[in-house]
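Beneath this line is the structure, given in structure tokens, with notes to follow.
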Amino acid sequence: MSAPLALSQPVICVVGATATGKTALAQALAEIIDGEVVSADSMQIYRGMDIGTGKIPPCERTVPYHGLDICDPGTPYSAALFQILARTCFDDIETRGKRSVLCGGTGLYLRAALDDYDFPSGTQVENPVRERYARLLEQRGALAVWNMLASIDPASAALIHPNNTRRVIRAFELLSEGRRYATLHEGLAQLEQIVPAIFIGLAVDPPLLNKRIDRRVDAMIEDGLVDEVKNLLDQGFHDGVTAPQAIGYKEIVAALEGRLSFDEAIERIKIATHRYAKRQRTWFRKDARIQWLCADSQDTEQLAYRACTELLQ
RNA sequence: GGCGACGUGGCCAAGUGGUAAGGCAGAGGCCUGCAAAGCCUUCAUCCCCAGUUCGAAUCUGGGCGUCGCCU
């Protein structure tokens with residue numbers, strides 16, 4: 001249990017699926033309330049990943065930003081690190097007498113920042129246990145490793161599908177730290193929010209959003225996504241574990257390496273983004289704290305006005 | 001006009017007499033540190049008509065359509 005963050009005013013939290021207009025609204029709100037934006041985006045964290053992540057270009061920034069360009073794509077990052085970063089930002093911004101606008105689409109990062117998530121092992125990202133079980137998985141298969149988990153920690157195993165190898169490994173990691181996945185999972189529903197916040201969700205009709213996504217992907221290509229990826233590859237992009245999984249990057253890498261045509265790559269980026277947006281929708285849908293605004297129209301001024309008058313009193 | 005091939009869910013595609021594989025997309029869902037990741041669930045009666053047969057997506061005939069070649 002962590003102590004609640006003492007902020008004089010709640011963090012304004014702009015959430016929603018990709019391409020719904022979060023960035024524009026967050027900046028508009030920050031301007032109005034004299035705030036600073038804290039980005040909660042697992043990929044905008046990375047330096048040099050700009051076009052493909054939809055990062056707002058420096059020349060368009062009208063307020064201070066945090067949570068962008070924190071580390072190189074080759075460096076591992078995690079929700080636990082973001083938790084510390086975000087809370088430090090909230091504190092600092094408070095100290096400066098300003099307000100925080102948290103903006104992002106990475107659901108886990110948002111919850112890590114605002115709710116009482118307790119990550120064992122602090123900030124250490126790499127864990128030898130992960131490596132060991134990954135190897136075991138290759139040798140013996142998913143079911144065998146899951147069975148191992150079931151024999152020593154049946155409660156946790158019961159919560160994890162055998163095919164969900166990532167989480168099976170995570171359960172072993174937790175065991176090695178004397179924690180149980182099941183115990184943490186139990187507390188999930190009653191996790192307390194320890195940072196005061198107002199949640200504004202941007203909702204866009206899914207078919208409309210998909211069209212918007214398609215247009216945005218085409219624009220990214222026109223804006224030079226391919227060159228951006230080439231540069232990253234020169235800088236050892238492949239060494240990263242998280243960054244190379246980013247939509248828009250893995251596909252272009254495949255095209256550059258001749259495993260895909262560029263047309264196929266672009267098509268896959270669009271589809272992957274549609275699916276990502278869908279997952280974001282399911283994640284946010286169940287969070288009762290979110291107050292939804294229809295963002296079918298992309299009129300930022302009007303959205304900001306409505307947010308201020310309807311949701312921020 | 002002739003000859004040949006083909007016609008299975010939104011797309012790709014198995015199945016050649018025994019009651020519709022699979023993949024992709026879509027939809028729904030899960031979630032405490034790789035989360036733009038990972039995982040789960042779900043989704044057709046086989047172009048139409050007539051026939052053969054206990055039984056047809058699978059065989060026969062006709063129609064329609066598509067593609068290819070030829071004139």
Side-chain angles (χ1 to χ4, degrees), chain A residues 2 17-19 39-46 49 52-55 71 73-86 104-127 129-131 133-134 137 142 146 156 158-174 177 179-192 206-207 210 213 216-217 220 239-252 264 267-287:
Chain A
S2 310
T18 185
S39 163
D41 186 300
S42 66
M43 294 301 169
Q44 293 190 4
I45 287 283
Y46 294 107
M49 295 174 68
T53 63
K55 197 182 290 173
C71 63
T75 316
Y77 200 79
S78 79
L81 289 170
F82 181 74
Q83 179 175 62
I84 295 164
L85 172 77
T106 305
L108 180 62
Y109 280 27
L110 288 161
R111 287 205 71 185
L114 303 172
D115 296 339
D116 193 17
Y117 267 61
D118 161 35
F119 296 107
S121 298
T123 57
Q124 182 199 334
V125 179
E126 258 132 5
N127 188 325
V129 177
R130 201 180 280 188
E131 184 75 7
Y133 283 94
L137 262 168
W146 182 86
S156 295
L159 293 168
I160 306 171
H161 188 100
N163 287 346
N164 200 351
T165 54
R166 283 255 174 118
R167 207 140 284 140
V168 171
I169 290 179
R170 179 64 190 148
F172 278 114
E173 269 183 64
L174 287 167
E177 295 158 13
R179 306 292 290 267
R180 280 167 194 273
Y181 179 89
T183 315
L184 292 172
H185 186 269
E186 225 171 88
L188 241 195
Q190 313 90 265
L191 268 194
E192 283 197 40
N210 284 351
I213 286 168
R216 188 156 94 144
V217 171
M220 285 174 179
D239 300 337
V241 281
T242 312
Q245 298 176 343
I247 297 171
Y249 292 83
K250 54 174 175 247
E251 296 85 357
I252 296 296
E264 283 169 331
E267 197 50 39
R268 287 202 195 187
I269 293 171
K270 290 176 180 171
I271 290 166
T273 310
H274 298 171
R275 307 201 59 187
Y276 171 46
K278 181 174 137 73
R279 265 178 280 133
Q280 289 176 304
R281 246 177 264 135
T282 25
W283 178 285
F284 292 126
R285 191 144 47 191
K286 68 185 175 193
D287 193 329

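Chain naming here is simple, since letters A, B, ... match the order of the sequence lines and numbering starts at 1 in each. Only heavy atoms go into these numbers, but all of them, side chains included; no hydrogens, no water, no symmetry mates.
Note: CZ (A/Phe172) to P (B/C34) measures 16 Å, nearest angstrom. Computed from coordinates, the A/Leu108 CG to B/C34 C1' distance equals 11 Å when rounded to whole Å. Counting to the nearest Å, the C1' atom of B/C31 and the CG atom of A/Leu110 are 14 Å from each other. When the C1' atom of B/C39 is taken as reference, atom CH2 of A/Trp146 falls 14 Å away, rounded to whole Å. Note: CD (A/Glu173) to P (B/A35) measures 13 Å, nearest angstrom. The separation between A/Arg285 atom CZ and B/G28 atom C1' is 8 Å, rounded to whole Å. Put simply, CH2 on A/Trp283 is 13 Å from C1' on B/C39, counting in whole angstrom units.
Residue A/Arg268 has no polar side-chain atom (N or O) positioned under 4.0 Å from OP1 or OP2 of B/A25. Put simply, A/His274 has no side-chain N or O that comes within less than 4.0 Å of OP1 or OP2 on B/A25. Under 4.0 angstrom from either OP1 or OP2 of B/A35 there lies at least one side-chain N or O belonging to A/Tyr109. Note on A/Thr282: every side-chain N or O is 4.0 Å or more away from OP1 and OP2 of B/G28. Within the structure, every side-chain polar atom (N or O) of A/Arg279 is placed at least 4.0 Å from both OP1 and OP2 of B/C30. Distances shorter than 4.0 Å separate none of the side-chain N or O atoms of A/Arg167 from OP1 or OP2 on B/C31. Side-chain nitrogen and oxygen atoms of A/Lys270 include none within less than 4.0 Å of the OP1 or OP2 phosphate oxygen of B/A25. Checking the phosphate oxygens (OP1, OP2) of B/A35, no side-chain nitrogen or oxygen of A/Arg166 falls inside 4.0 Å.
Other residues, nucleotides and ligands contribute at most 12 non-hydrogen atoms within 6.0 Å of the CZ atom of A/Arg268.
Toward the 5′ end of RNA chain B lies the nearest nucleotide of A/Thr183, the other residue of the pair A/Thr183 and A/Tyr46 mapping further downstream. The nearest heavy atom of RNA chain B to A/Gly107 and to A/Leu174 marks one nucleotide each, and the one closer to the 5' end goes with A/Leu174.
If you check B/A25, B/C31, B/A35 against the side chain of A/Ile271, the one that comes closest is B/A25. Distances from the side chain of A/Asn164 to the nucleotides B/G28, B/C39, B/A37 place B/C39 closest. Picking from B/C40, B/A35, B/C30 the nucleotide with the shortest atom distance to the side chain of A/His161 gives B/C40. Closest contact between the side chain of A/Asn163 and the listed nucleotides B/C34, B/C31, B/C39 involves B/C39.
A/Tyr109 approaches A/Ala40 most closely through the heavy-atom pair CB-CB, 4.4 Å.
Across the strands present, B/C34 finds no partner; the criterion is a Watson-Crick or G-U wobble pair with both atom distances under 3.5 angstrom. Pair assignment for B/C59 gives B/G51, based on Watson-Crick or G-U wobble hydrogen-bonding distances that are each under 3.5 Å. The base-pairing partner of B/G28, taking Watson-Crick or G-U wobble contacts with both distances under 3.5 Å, is B/C40. The nucleotide B/A5 finds its pairing partner in B/U66, both defining distances of the Watson-Crick or G-U wobble pair being shorter than 3.5 Å. As the counterpart of B/U19, no nucleotide is assigned, since no Watson-Crick or G-U wobble pattern has both distances under 3.5 Å.
Side chains of A/Arg281 and A/Pro206 form a contact here, defined as non-hydrogen atoms less than 4.5 Å apart. With contacts defined as side-chain heavy-atom distances shorter than 4.5 Å, the pair A/Glu177/A/Phe172 does not qualify.
The aromatic rings of A/Phe119 and A/Tyr117 lie tilted to each other, with the angle between the two planes from 30° to 60°.
If you take atom C1' in B/A20 and the same atom in B/C46, they sit 7 Å apart, rounded to whole Å. The C1' atoms of B/G28 and B/C43 are separated by 11 Å, rounded to the nearest whole Å.
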Applying side chain to side chain contact (heavy atoms under 4.5 Å, CB included), run through A/Leu108 and A/Phe82 and close with a yes or a no.
CA-CA 10 Å; A/Leu108 180 62; A/Phe82 181 74; over 6 Å; no
Could you go through the side chain to side chain contact (heavy atoms under 4.5 Å, CB included) check for A/Arg111 and A/Trp283 one step at a time?
CA-CA 11 Å; A/Arg111 287 205 71 185; A/Trp283 178 285; 4.0 Å; yes
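Residue A/Lys278 places a side-chain atom within donor-acceptor reach of the base of B/G28, judged by atom type and a 3.5 Å distance cut-off alone.
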